[in-house]
Amino acid sequence: MNAAVKPAMSRQDFEQALRDKGALYHIHHPYHRAMYGGQCTPEQIRGWVANRYYYQVNIPRKDSAIMANCPDADVRRLWLQRVLDHDGHEGDAGGIEAWLQLAEAVGLSREEVIDERHVLPGVRFAVDAYLNFARRASWQEAACSSLTELFAPEIHQSRLDSWPQHYPWIDGEGYIYFRKRLSEARRDVEHGLSITLDHFTTAAEQQRALEILQFKLDILWSMLDALTMAYVHQTPPYHTVTDAQVWHRGLGL
């Protein structure tokens with residue numbers, strides 16, 4: 001073996017390297033720490049819920065793109081459950097509907113969430129980048145990008161543990177989404193992780209997988225950066241400035 005060629009990690013070490021990325025998960029972002037620490041204002045909670053909706057509605061589109069690029073029927077059959085989890089099916093209204101219930105529970109109307117009037121440019125750009133990656137990457141790479149689910153149960157549990165205590169004004173019915181995702185995310189992790197461990201086997205491929213997971217972590221972190229600017233530092237994005245809004249309309253943009 002050429003001494004300059006880096007050997008691949010064992011399957012166990014590779015999985016641990018993926019899990020170690022949890023140190024950079026957005027549960028550690030100051031905005032999220034403030035949420036589960038009870039330090040957010042109602043406006044900041046509502047801003048997060050309204051903006052996160054844009055991410056939620058694009059999850060089944062991302063998963064559909066993965067299936068469209070995947071020639072393996074067995075993989076598609078399993079991956080389809082993710083779309084059904086969010087879009088709903090007989091007997092289950094789905095995650096997007098559950099998110100709208102959360103929006104109503106924090107004092108938002110369905111109309112203002114669905115029409116995306118509160119979605120910040122930075123949030124839209126980050127989510128669109130993720131969707132475009134899923135469309136253009138190989139299906140295995142796009143599946144790997146979903147591995148932030150490794151860390152999702154912890155973040156959902158942190159909300160269930162802390163929000164009722166710190167934000168008693170939120171209707172308890174709004175927490176259905178977080179409860180649903182506790183079990184769904186664990187199930188999804190098993191499938192996505194097995195695909196990644198099976199496909200990325202050389203040192204170069206494993207490094208690529210870690211970079212893809214970091215990209216997804218950056219997406220989630222960037223969304224909270226945009227929310228921090230708007231709802232913590234009170235720095236408005238350009239589309240909320242009246243003069244700029246009028247100017248864009250005048251140009252037909």
Side-chain angles (χ1 to χ4, degrees), residues 25-61 85-88 93-131 148 151-182 185 219-242 244-245:
Y25 191 47
H26 66 158
I27 195 172
H28 304 296
H29 193 285
Y31 200 103
H32 198 278
R33 291 206 307 266
M35 280 198 292
Y36 63 70
Q39 299 160 352
C40 280
T41 66
E43 180 190 27
Q44 289 166 346
I45 294 290
R46 292 178 187 126
W48 177 77
V49 171
N51 276 271
R52 180 78 180 191
Y53 174 79
Y54 187 67
Y55 178 83
Q56 299 304 133
V57 295
N58 277 287
I59 289 175
R61 298 179 67 195
D85 285 342
H86 282 83
D87 283 346
I96 294 173
E97 172 58 28
W99 197 267
L100 288 170
Q101 292 177 31
L102 172 62
E104 291 179 315
V106 302
L108 294 163
S109 69
R110 283 175 173 254
E111 179 185 10
E112 66 184 307
V113 175
I114 292 172
D115 68 16
E116 301 173 4
R117 71 185 71 171
H118 300 300
V119 177
L120 300 168
V123 169
R124 190 180 298 275
F125 185 86
V127 174
D128 288 352
Y130 180 37
L131 179 58
T148 46
F151 325 116
E154 179 184 1
I155 208 168
H156 295 314
Q157 191 64 58
S158 75
R159 294 161 187 159
L160 290 169
D161 290 343
S162 62
W163 281 32
Q165 172 189 354
H166 295 308
Y167 310 111
W169 52 273
I170 298 177
D171 187 334
E173 291 297 314
Y175 297 129
I176 293 172
Y177 178 86
F178 303 142
R179 295 191 190 98
K180 279 172 55 68
R181 289 303 297 165
L182 280 175
I219 292 291
L220 297 172
W221 198 274
S222 296
M223 291 169 63
L224 291 177
D225 284 348
L227 285 163
T228 299
M229 289 296 292
Y231 293 103
V232 177
H233 300 307
Q234 299 295 313
T235 301
Y238 67 87
H239 77 77
T240 61
V241 181
T242 303
Q245 206 168 20

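What you see is a predicted model; the values in this text were computed from it and never measured.
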J.: So, taking the atom named CZ in R61 and the one named NE2 in H86, what distance separates them when rounded to the nearest 0.5 Å?
T.: 14.0 Å
J.: How about L108 and Y53: do any of their side-chain heavy atoms sit closer than 4.5 Å?
T.: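 No, every pair of side-chain atoms sits at 4.5 Å or beyond.
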J.: Could you tell me which non-hydrogen atom of P60 sits nearest to which non-hydrogen atom of I96, and how far apart they are?
T.: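 That would be CG-CD1, 4.1 Å.
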J.: I27 versus Y36: any side-chain heavy-atom pair under 4.5 Å?
T.: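 SC-SC contact between I27 and Y36 confirmed.
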J.: So for atom CD, which belongs to Q39, do other residues, nucleotides or ligands contribute more than 12 heavy atoms lying within a distance under 6.0 Å?
T.: yes
J.: Tell me, please, whether Y175 has R159 positioned over its six-membered ring: NZ or CZ under 6.0 Å from the ring centre and within 45 degrees of its axis?
T.: no
J.: Between M223 and N51, is any pair of side-chain heavy atoms under 4.5 Å apart?
T.: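 The answer is no; the side chains never approach within 4.5 Å.
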J.: Hey, could you give me the OG/NE2 distance between S222 and H26, rounded to the nearest 0.5 Å?
T.: 12.0 Å
J.: E154 and Y25: side-chain donor and acceptor closer than 3.5 Å?
T.: no
J.: Shortest non-hydrogen contact from A105 to G174?
T.: CB-CA, 3.6 Å
J.: Write down the atom of A126, the atom of I219, and the distance for their closest heavy-atom approach.
T.: O-CD1, 3.2 Å
J.: Check whether W99 reaches the backbone of V49 with its side chain - one donor and one acceptor, N or O, closer than 3.5 Å.
T.: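 Yes.
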J.: Applying side-chain contact (heavy atoms from CB on, under 4.5 Å) to Y167 and I45, what does each step give before you reach the verdict?
T.: CA-CA 10 Å; Y167 310 111; I45 294 290; 4.0 Å; yes
J.: Please check this pair: side chain of R46 against backbone of V106, looking for a donor-acceptor N/O pair closer than 3.5 Å.
T.: yes
J.: Pick from Q56, Q101, H156: which one makes a side-chain hydrogen bond (donor to acceptor under 3.5 Å, both in side chains) with Y177?
T.: Q56
J.: Within a strict 4.5 Å, meaning less than it, do heavy atoms of the L220 and Y55 side chains meet?
T.: yes
J.: Rounded at 0.5 Å granularity, tell me how far CG in L102 sits from CG in D171.
T.: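 One gets 10.0 Å once the value is rounded to the nearest 0.5 Å.
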J.: How far apart are the closest heavy atoms of A98 and K180, and which atoms are they?
T.: CB-CD, 4.4 Å
J.: Do L227 and R52 have side chains that approach each other closer than 4.5 Å (heavy atoms only, starting at C-beta)?
T.: no
J.: Answer yes or no: does atom CD of E111 have more than 12 heavy-atom neighbours from other residues, nucleotides or ligands under 6.0 Å?
T.: no
J.: Mind telling me whether F178 and W163 have parallel, tilted or perpendicular rings, with 30° and 60° as the class edges?
T.: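 The rings of W163 and F178 stand perpendicular, inter-plane angle above 60°.
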J.: Working to the nearest 0.5 angstrom, can you tell me the gap between E116 CD and Y54 OH?
T.: 6.0 Å
J.: Any idea which heavy atoms bring H32 and S158 closest together, and the distance?
T.: CE1-OG, 3.7 Å
J.: Does any non-hydrogen side-chain atom of P30 lie less than 4.5 Å from one of T228?
T.: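 No, every pair of side-chain atoms sits at 4.5 Å or beyond.
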J.: Is a side-chain donor or acceptor of Y31 paired with a backbone partner of Q44 at a separation under 3.5 angstrom?
T.: yes
J.: Does Y231 reach the side chain of W48, with side-chain heavy atoms less than 4.5 Å apart?
T.: no
J.: Decide yes or no for L100 and I114: does some side-chain heavy atom of the first lie under 4.5 Å from some side-chain heavy atom of the second?
T.: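 The answer is yes, as the side chains (C-beta and beyond) meet within the 4.5 Å cut-off.
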